[in-house]
Amino acid sequence: MSSPWSRTVSRRTLCLLAAGGLALGVAACGDGDNAAQTGGKVKITVTGQPPTSQPFERSVFDADVKEFEAAHPNIDIDPHEGFMDPKTFSAKLAGGQLEDVYYVYFTDPAQIIARHQAADITEAAKSVPHVGDLKPELLDNFRDAGGKLYGLPTMNYTMGLLYSRPLFQQAGLDPNKPPRTWDEVREAAKKISALGNDIVGYADYSKNNQGGWHLTGWLYSMGGDIARKDGDKWVADFDNDKGKKALQYLHDMRWSDNSMGAKQLLEAQDVQRMMGAGRLGMYMAAPDNIPVLVKQFNGKYEDYGIAGMPGGQGTLLGGEGYMINPKASPEKIKAGLEWIQWKYLNPDRFEKHIRQYVDGKQPVGLPAEPTPDIWQGAVRDQQLTLKAKYANVPAQNFQSYVDTTSHIKGSIEPPNAQQIYAALDSVMQAVLTDQNANIDQQLSSAASKVNNVLAQVK
């Protein structure tokens, strides 16, 4: 749920704030045959155009549309502003207003495929360049149980540990050797909070579904899970030793160490504000948080580092991609795939795209945009070499994260994620606000609620 362009507010956060997540309605499709071809050209509607309030991103997108059309004179692009708004998506489906090429979060494809709301692109994608260079686990997110392909990934993120290099130095910690385990996180948090002046060693989210989202990250980091398939149904899978271990860490950092501060019931902007103000040592985050800290909260790129997820047994994987209207003609499907590949999955344009960021005084060198980490093999090496060549932020501060992402297991969010996160918020809130919270009872109660949510998964 992160962005194909650096945005002032992460779309992952916006999605988490959307009540109930994505409530897909009846199977409905876009205008299919309407304006399919004009004067021998194929016209396709596409989502993903940034709003005018983001002038750099908008200008790059619009310039890309013109360049694409010049290189593909048989295709007209009709760009639509916006991405995925869970509050309106189901209405667009039901009203037949779905674009030919539309954006999705990684949490969406399984439901969309099950409801036959995306075109099968299995055969058409075989002629798309560089599909074989994408990470297989990202492609698998757009496949059905039979292996048919219904979309392409264009961006992904994995969670890691974002930390303040200045506070590490002040606390006598080496900012070039960030914590690798949760025990090391706990020890570092104690040293940072001991600096005083209302400085907090480690912070975490606990409301607006973000607490459940981060608890999922904790479980994955320990090799655990939130939900698992049991035959043909899903069941909760956190009321166990790994769930207890994660919550015990949080309890002990909050109450035994007092390294999480007294103020709780936090969400993303609260924590980002603390980090931007230089009052927070660490929090769980993806790399796209760093531009937010700089652009919204007066941070400095050189002040931040990001490491791989502590524990190293797994991490929460998210992202985005594009799918195609199920009523699209073969010509529209072909044109849509040409647009997706050219715009988002094009190693031949890596250098030009990176230079657009440099010229626009945007950050280059982060393990995120302008070329997201969706590649493997030689293409990934090509991408990393070019980003290092044009880096205008201290890329070495993020090397620990980059090294980890090549081998750590990434797992996507559970089905009906937002409803599950809402149930898990209460667990995080209890542990962080009540010193005597009964962890066993909290897990058992939440597991019952989550099983009810998972019973709705078809």
Side-chain angles (χ1 to χ4, degrees), residues 1-2 11-12 14-30 47-48 82-122 137-157 209 212-213 216 225-237 316-328 410-424 449-458:
M1 296 188 299
S2 197
R11 282 206 312 282
R12 178 163 64 255
L14 293 177
C15 182
L16 289 163
L17 293 174
L22 182 62
L24 290 174
V26 298
C29 308
T47 60
F83 298 89
M84 168 71 78
D85 184 350
K87 295 179 180 179
T88 62
F89 185 59
S90 110
K92 287 183 70 174
L93 284 168
Q97 300 301 311
L98 183 62
E99 287 86 357
D100 299 311
V101 178
Y102 62 93
Y103 168 97
V104 292
Y105 300 115
F106 274 10
T107 48
D108 304 330
Q111 300 174 68
I112 289 172
I113 292 167
R115 291 175 168 88
H116 310 291
Q117 293 165 334
D120 179 352
I121 62 170
T122 309
E137 63 269 27
L138 305 186
L139 277 171
D140 287 346
N141 197 50
F142 292 87
R143 298 186 192 275
D144 65 10
K148 291 184 177 180
L149 186 65
Y150 292 84
L152 293 171
T154 56
M155 199 289 183
N156 80 300
Y157 74 89
N209 296 11
W213 172 42
T216 299
D225 215 331
I226 290 295
R228 62 179 171 84
K229 203 75 178 288
D230 182 13
D232 60 353
K233 66 178 182 179
W234 286 89
V235 295
D237 193 26
L316 177 59
L317 167 70
E320 60 197 39
Y322 284 84
M323 304 177 83
I324 294 179
N325 192 303
K327 282 191 174 179
S411 299
I412 64 170
E413 297 170 276
N416 285 0
Q418 297 306 317
Q419 296 177 61
I420 290 175
Y421 295 162
L424 293 175
K449 295 175 183 176
V450 169
N451 279 326
N452 289 335
V453 170
L454 292 170
Q456 304 167 22
V457 178
K458 304 300 181 184

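If you read the sequence from its start, that first residue is 1, and numbering goes on from there. Since we're looking at a predicted model, the values are computed, not measured.
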Regarding Tyr421 and Glu413, do their side chains bring together a donor and an acceptor under 3.5 Å, going by distance alone?
yes
Ignoring hydrogens and angles, tell me if any N or O in the side chain of Asn209 forms a donor-acceptor pair with the backbone of Gln418 under 3.5 Å.
yes
Side-chain heavy-atom pair Val104, Phe142 within 4.5 angstrom cut-off
yes
Run the side chain to side chain contact (heavy atoms under 4.5 Å, CB included) test on Leu316 and Trp213 for me, step by step, so that the C-alpha distance in whole Å, both residues' side-chain angles and the decisive distance to 0.1 Å come before the verdict.
CA-CA 9 Å; Leu316 177 59; Trp213 172 42; 3.0 Å; yes
With side chain to side chain contact (heavy atoms under 4.5 Å, CB included) as the criterion, how do Asn451 and Val235 come out once you've worked through the C-alpha distance, each side chain's angles and the decisive distance to 0.1 Å?
CA-CA 6 Å; Asn451 279 326; Val235 295; 3.8 Å; yes
Once side chain to side chain contact (heavy atoms under 4.5 Å, CB included) is applied, do any residues pair with Asp140, and if so which ones, sequence neighbours excluded?
Arg143
For Ala423, what residues pass the side chain to side chain contact (heavy atoms under 4.5 Å, CB included) criterion, not counting sequence neighbours?
Lys449, Val450
Measure from the side-chain N and O atoms of Asn325 to the backbone N and O of Leu98, and report whether any donor-acceptor pair falls under 3.5 Å.
yes
Please name the pair of heavy atoms, one in Thr154 and one in Gly321, separated by the smallest distance, quoted to 0.1 Å.
OG1-CA, 3.6 Å
Whether the side chain of Asn416 engages the backbone of Val453 through a donor-acceptor N/O pair (distance < 3.5 Å, no angle test) should be reported.
yes
Is the number of heavy atoms from other residues, nucleotides or ligands under 6.0 Å of Lys148 NZ greater than 12?
no
Return the minimal non-hydrogen interatomic distance between Pro153 and Leu139, and the atom names on each side.
CD-CD2, 3.8 Å
What's the spacing between Ile412 CD1 and Phe106 CZ if we round to 0.5 Å?
8.5 Å
Could you go step by step and tell me if Leu424 and Ile226 meet the side chain to side chain contact (heavy atoms under 4.5 Å, CB included) rule?
CA-CA 10 Å; Leu424 293 175; Ile226 290 295; 3.8 Å; yes
To the nearest 0.5 Å, what is the distance between CG on Asp108 and OH on Tyr102?
9.0 Å
By ring-ring contact (aromatic ring centres under 6.0 Å, His included) - contacts of Tyr150 (at least two apart)
none
Smallest separation among heavy atoms of Trp234 and Leu454, with atom names:
O-CB, 3.6 Å
Partners passing salt bridge (charged side-chain N to carboxylate O under 4.0 Å, His left out) against Asp237 (at least two apart in sequence or in another chain)
Arg228
Run the side chain to side chain donor-acceptor pair (under 3.5 Å) test against Asp120 and tell me which residues pass, sequence neighbours left out.
Thr122
List the residues meeting side chain to side chain contact (heavy atoms under 4.5 Å, CB included) with Ala110, not counting sequence neighbours, and say none if there are none.
none
State which residue, out of Leu152, Val101, Ile113, Ile121, fulfils the side-chain contact (heavy atoms from CB on, under 4.5 Å) condition with Met323.
Ile113
